[in-house]
Amino acid sequence: YDKTFKGEECLFELFINEQYKRYRTVPLYTKKGNIDQILSVAENITERKRTEEELKEIANKITERVKELNCLYKIAELVEDANNSLDDIYEGIANLIPPSWQYPDSTCTKIMINEKEFISSNYKATEWQQSADIIVYGKKCGSIIVGYLDGYTFLKEEQMLLDSICERLGRITERKQAEEEIKKQLLEKEIILKETHHRIKNNFTSIEGILSLQVDSSDNSEVHSALN
């Protein structure tokens with residue numbers, strides 16, 4: 001009101017008794033040009049404010065869901081790249097998780113699997129953390145820990161996303177390990193085939209040498225004709 005008594009029209013909002021109100025104040029002048037009164041008009045905007053807050057909450061939820069979907073999509077891209085090993089995938093996921101959480105700058109990640117650790121670039125041990133297990137062929141083989149560095153509260157949707165990532169990572173690990181086993185078996189068979197081919201070739205060479213000696217040592221024309 002002080003500004004209005006100085007000649008300014010003012011517009012402001014107050015929250016009083018669980019109600020949002022918008023006030024507009026206008027100075028009233030006397031014939032001599034002095035301000036002796038102000039006109040104050042109040043508007044109840046509680047419903048509008050609640051609607052704005054609901055829309056803001058919906059927008060925030062949509063933003064978080066988009067971040068979650070983007071995380072899962074990028075994980076799929078990591079897996080589809082044939083040049084990526086399992087370790088590459090684990091390391092990539094460790095750095096994909098922080099941007100997908102509500103407070104990316106405060107989020108850090110550690111993946112522990114197969115007696116190895118993969119951490120995000122900003123990882124620090126913190127008391128504010130959530131975790132989920134990685135299950136491979138029905139057994140726990142590791143876990144993912146997500147921490148907040150500044151004491152934020154985790155959303156239930158973030159735990160659900162972490163559970164989903166761990167479930168996918170378990171299936172990815174199973175598939176990659178199966179692929180590696182198949183490649184190993186194929187390589188072993190290829191080596192065996194090459195060794196077998198080499199031995200057969202050596203045997204034929206030895207037989208050919210023996211037959212050649214037989215030809216040279218025989219005076220029988222029929223033997224010469226048959227072996228040649």
Side-chain angles (χ1 to χ4, degrees), residues 58-197:
I58 291 172
N60 287 338
K61 286 183 177 180
I62 291 174
T63 299
E64 293 304 313
R65 299 300 81 73
V66 169
K67 288 162 63 177
E68 291 171 7
L69 290 173
N70 189 49
C71 175
L72 296 175
Y73 175 76
K74 289 186 176 180
I75 289 175
E77 282 189 327
L78 279 174
V79 176
E80 289 172 2
D81 189 339
N83 294 320
N84 284 335
S85 65
L86 267 175
D87 285 359
D88 293 331
I89 293 172
Y90 298 147
E91 184 175 355
I93 292 176
N95 286 295
L96 282 175
I97 288 177
S100 306
W101 257 239
Q102 190 178 14
Y103 304 101
D105 293 339
S106 181
T107 306
C108 60
T109 310
K110 177 165 71 173
I111 298 176
M112 298 176 290
I113 188 168
N114 296 331
E115 299 182 352
K116 294 182 180 180
E117 289 188 357
F118 304 86
I119 61 175
S120 58
S121 57
N122 65 336
Y123 180 78
K124 291 180 182 178
T126 172
E127 60 183 294
W128 303 285
Q129 62 183 33
Q130 57 184 172
S131 64
D133 294 336
I134 302 170
I135 306 299
V136 178
Y137 296 119
K139 296 182 180 180
K140 177 183 174 181
C141 71
S143 62
I144 299 180
I145 296 174
V146 179
Y148 272 143
L149 301 176
D150 299 314
Y152 295 114
T153 301
F154 291 101
L155 300 173
K156 66 176 182 178
E157 290 83 1
E158 289 173 333
Q159 183 63 55
M160 292 170 63
L161 176 59
L162 181 56
D163 291 340
S164 178
I165 291 173
C166 283
E167 181 183 356
R168 288 169 184 248
L169 193 51
R171 294 200 305 267
I172 290 167
T173 302
E174 289 175 355
R175 195 181 89 184
K176 284 287 186 179
Q177 287 180 349
E179 289 175 355
E180 290 298 322
E181 183 61 27
I182 291 172
K183 288 179 181 179
K184 180 181 177 181
Q185 291 179 7
L186 289 175
L187 181 60
E188 290 175 352
K189 290 180 179 179
E190 184 179 352
I191 292 172
I192 292 172
L193 285 173
K194 286 182 178 179
E195 290 178 350
T196 302
H197 179 266

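Everything quoted here is computed from the prediction, not taken from an experiment.
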Exercise. State, without any angle test, whether N60 and T63 hold a side-chain donor-acceptor pair at a distance under 3.5 Å.
Key: no
Quiz item: Any donor and acceptor pair, going by atom type alone, linking the side chain of S106 with main-chain N or O of L149 inside 3.5 Å?
Solution: yes
Quiz item: Looking at E180 and K176, does any basic side-chain N land under 4.0 Å from a carboxylate oxygen?
Solution: no
Quiz item: Are the side chain of S164 and the backbone N or O of M160 linked by a donor-acceptor pair below 3.5 Å?
Solution: no
Practice problem: Answer yes or no: is there a donor N or O on one side and an acceptor on the other, between the side chain of D88 and the main chain of S85, under 3.5 Å? | Solution: yes
Self-check item: Residue that, paired with W101, satisfies side chain to side chain donor-acceptor pair (under 3.5 Å) out of E64, E157, Q130
Solution: Q130
Self-check item: Donor on one side chain, acceptor on other, Q185 and E181, under 3.5 Å
Solution: yes
Quiz prompt | Whether N95 side chain and E91 backbone form a donor-acceptor pair below 3.5 Å | solution = yes
Quiz item: Looking only at atom types and distance, does a side-chain atom of N122 sit under 3.5 Å from a main-chain N or O of T107, one as donor and one as acceptor?
Solution: yes
Quiz item: Does T126 use its side chain to pair, donor to acceptor, with the backbone of G147 at less than 3.5 Å?
Solution: no
Quiz item: Would Y90 and T173 count as having a side-chain donor-acceptor pair, cut-off 3.5 Å?
Solution: yes
Exercise. Could you check R171 against E167 for salt bridge (charged side-chain N to carboxylate O under 4.0 Å, His left out), going step by step and ending with a plain yes or no?
Key: CA-CA 7 Å; R171 294 200 305 267; E167 181 183 356; 3.3 Å; yes
Quiz prompt | Gap separating the CD1 atom of I89 from the CG atom of L96, nearest 0.5 angstrom | solution = 11.0 Å
Practice problem: State whether a side-chain donor-acceptor pair under 3.5 Å links Y123 with E117. | Solution: no
Quiz prompt | Side-chain donor/acceptor of N114 to backbone N/O of K116, under 3.5 Å | solution = no
Self-check item: Member of I165, D163, I113 meeting the side chain to side chain contact (heavy atoms under 4.5 Å, CB included) criterion with I144
Solution: I165
Practice problem: Mind running salt bridge (charged side-chain N to carboxylate O under 4.0 Å, His left out) on K183 and E179 for me, showing each step along the way? | Solution: CA-CA 6 Å; K183 288 179 181 179; E179 289 175 355; 5.5 Å; no
Quiz prompt | Residue among C108, P104, S120 satisfying side chain to side chain contact (heavy atoms under 4.5 Å, CB included) with P98 | solution = S120
